[in-house]
Amino acid sequence: MRFAAIADVHGNHLALEAVLADIRAQGVTEIVDLGDMASGPLDARKSLDRLMALDAVHVRGNHDRWLIDRPFEKMGAWERPAYPQLETRHLDWLRTIPATAVYRDQVFLCHATPEDDNVYWLESVAPDGAITCAPLDEIEKLAADISQSLILCGHTHTARAVRLRDGRLIVNPGSVGSPGYSYNVPHPHVVQVGTPDARYAILELTPAGWSVSFRHVPYDHRAMADLARANGDNEFASALATGWIR
């Protein structure tokens with residue numbers, strides 16, 4: 001059993017195409033997508049067209065939900081540039097995507113946590129904005145009702161793997177299309193991964209257990225940074241250009 005996990009494309013169709021090409025080059029034929037597909041100041045239409053055509057298992061992210069559960073005037077800064085690009089067929093497709101799924105009976109999929117698509121699972125944010133790995137007790141509490149041996153989540157755009165004391169493994173593959181952002185929940189903080197590469201993971205079930213390979217894929221990130229800047233989002237442009245928020 002060998003497959004790829006992608007997450008947090010955020011409208012970055014060039015990063016998505018680079019990742020899909022790398023997945024093919026690695027001889028991987030099965031893909032799961034952990035959500036947040038379109039929102040951002042990039043190309044929501046091309047990204048969703050590609051994902052809709054992909055033979056993959058998808059779950060819905062918080063930004064996907066925000067595109068379909070509220071009027072335009074109440075959408076956030078990442079939804080407002082994406083929503084006008086989308087047609088009814090895109091929005092109807094997003095409405096069919098579940099919040100969680102189980103892949104091949106052995107892998108649990110969610111965007112952020114099993115019960116909430118906008119809560120960090122593997123990371124903690126301190127009041128001063130410092131980000132650290134969350135305490136194991138807190139991580140395990142959120143996994144209490146999951147029986148699968150491998151659990152996948154996204155949301156924080158940070159590639160990470162955490163082994164639970166019972167042997168289960170939780171993996172965040174990192175973000176395909178957004179290597180940094182600022183956010184104010186639960187406290188103001190900045191996520192910045194340090195390189196502009198597109199990220200994903202390959203998971204393989206071996207006789208010894210789950211093997212995880214984190215992949216960093218170069219692509220024309222400058223073109224996407226230029227698009228973000230042209231669409232008025234200098235912070236997103238900085239992250240795309242450098243991997244840092246500047």
Side-chain angles (χ1 to χ4, degrees), residues 1-38 44 46-64 89-90 93-114 117 121-122 143 146-164 167-178 197-219:
M1 184 176 178
R2 185 168 181 256
F3 67 98
I6 65 174
D8 297 286
V9 173
H10 283 292
N12 191 334
H13 71 286
L14 292 185
L16 175 61
E17 290 295 351
V19 161
L20 294 178
D22 193 74
I23 290 171
R24 291 191 298 270
Q26 301 306 310
V28 176
T29 59
E30 299 181 35
I31 300 173
V32 301
D33 167 30
L34 306 175
D36 276 7
M37 307 176 209
K46 285 183 180 178
S47 298
L48 272 192
D49 281 346
R50 190 69 178 90
L51 289 166
M52 289 168 67
L54 196 63
D55 183 13
V57 177
H58 304 273
V59 295
R60 185 185 67 232
N62 59 303
H63 283 281
D64 303 319
R89 62 187 177 89
H90 298 112
W93 182 75
L94 286 177
R95 292 185 180 97
T96 70
I97 303 302
T100 65
V102 174
Y103 170 68
R104 293 183 61 177
D105 296 328
Q106 299 185 66
V107 186
F108 182 87
L109 312 177
C110 65
H111 176 67
T113 71
D117 63 14
W121 194 348
L122 304 183
I146 299 172
S147 61
Q148 285 74 26
S149 60
L150 177 64
I151 301 166
L152 300 181
C153 64
H155 189 53
T156 63
H157 301 200
T158 303
R160 189 186 296 273
V162 173
R163 178 77 65 182
L164 306 186
R168 287 178 297 165
L169 185 66
I170 306 179
V171 176
N172 184 328
S175 172
V176 170
S178 173
D197 298 336
R199 289 166 169 78
Y200 78 100
I202 295 174
L203 296 306
E204 184 173 5
L205 184 57
T206 74
W210 286 102
S211 169
V212 184
S213 299
F214 292 109
R215 301 283 298 173
H216 289 201
V217 183
Y219 73 102

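Source: prediction; values computed, not measured.
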At their closest point, which heavy atom of [X] faces which heavy atom of [Y], and how far apart are they?
X: D33; Y: A7; value: OD1-CA, 4.4 Å
X: A44; Y: A38; value: CB-O, 3.6 Å
X: G154; Y: N172; value: O-ND2, 3.0 Å
X: L109; Y: Y103; value: CD1-CB, 4.1 Å
X: A56; Y: H58; value: O-CD2, 3.6 Å
X: A4; Y: I23; value: CB-CD1, 3.7 Å

Can you sort out the partners of S175 under side-chain hydrogen bond (donor to acceptor under 3.5 Å, both in side chains), two or more places apart, ordered by chain and number?
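side-chain hydrogen bond (donor to acceptor under 3.5 Å, both in side chains) list for S175, sorted by chain: empty.
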
With no hydrogens and no angle check, is any side-chain donor or acceptor of [X] less than 3.5 Å from a backbone partner on [Y]?
X: H157; Y: S178; value: yes
X: T96; Y: L94; value: no
X: R163; Y: G167; value: yes
X: R168; Y: A143; value: yes
X: N12; Y: G177; value: yes

Is there side-chain contact between [X] and [Y], with at least one heavy-atom pair below 4.5 Å?
X: V107; Y: V32; answer: no
X: R2; Y: V28; answer: yes
X: R95; Y: I97; answer: no
X: D36; Y: V9; answer: no
X: D117; Y: H155; answer: no
X: L150; Y: Q106; answer: no
X: L169; Y: L164; answer: no
X: P173; Y: I6; answer: no

For the atom pair [atom1] ([X]) and [atom2] ([Y]), what is the distance rounded to the nearest 0.5 Å?
X: W93; Y: L48; atom1: CH2; atom2: CG; result: 6.0 Å
X: I31; Y: L20; atom1: CD1; atom2: CG; result: 5.0 Å
X: M1; Y: E204; atom1: CE; atom2: CD; result: 11.0 Å
X: S213; Y: Y200; atom1: OG; atom2: OH; result: 9.0 Å
X: D64; Y: H10; atom1: CG; atom2: NE2; result: 8.0 Å

Walk me through it: do V171 and I151 pass the test side-chain contact (heavy atoms from CB on, under 4.5 Å)?
CA-CA 6 Å; V171 176; I151 301 166; over 6 Å; no

Taking it one step at a time, do C153 and I170 satisfy side-chain contact (heavy atoms from CB on, under 4.5 Å)?
CA-CA 7 Å; C153 64; I170 306 179; 4.1 Å; yes

Establish, yes or no, whether a centroid distance under 6.0 Å links the rings of H111 and H63.
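No, the ring of H111 stays outside the 6.0 Å limit from the ring of H63, centre to centre.
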
Are D22 and R199 ion-paired here, with the side-chain N under 4.0 Å from a carboxylate O?
no

Would you call K46 and E17 a salt bridge, using N to O less than 4.0 angstrom?
no

Can you spot which of H13, M37, M52 makes a side chain to side chain contact (heavy atoms under 4.5 Å, CB included) with S47?
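Going through the options one by one, the only one that passes is H13.
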
Output, in order, the C-alpha distance, side-chain angles, deciding distance and verdict of side chain to side chain donor-acceptor pair (under 3.5 Å) for D49 and H90.
CA-CA 8 Å; D49 281 346; H90 298 112; 2.8 Å; yes

Quick one: sort the F3 and W210 rings into parallel, tilted or perpendicular, breaks at 30° and 60°.
perpendicular

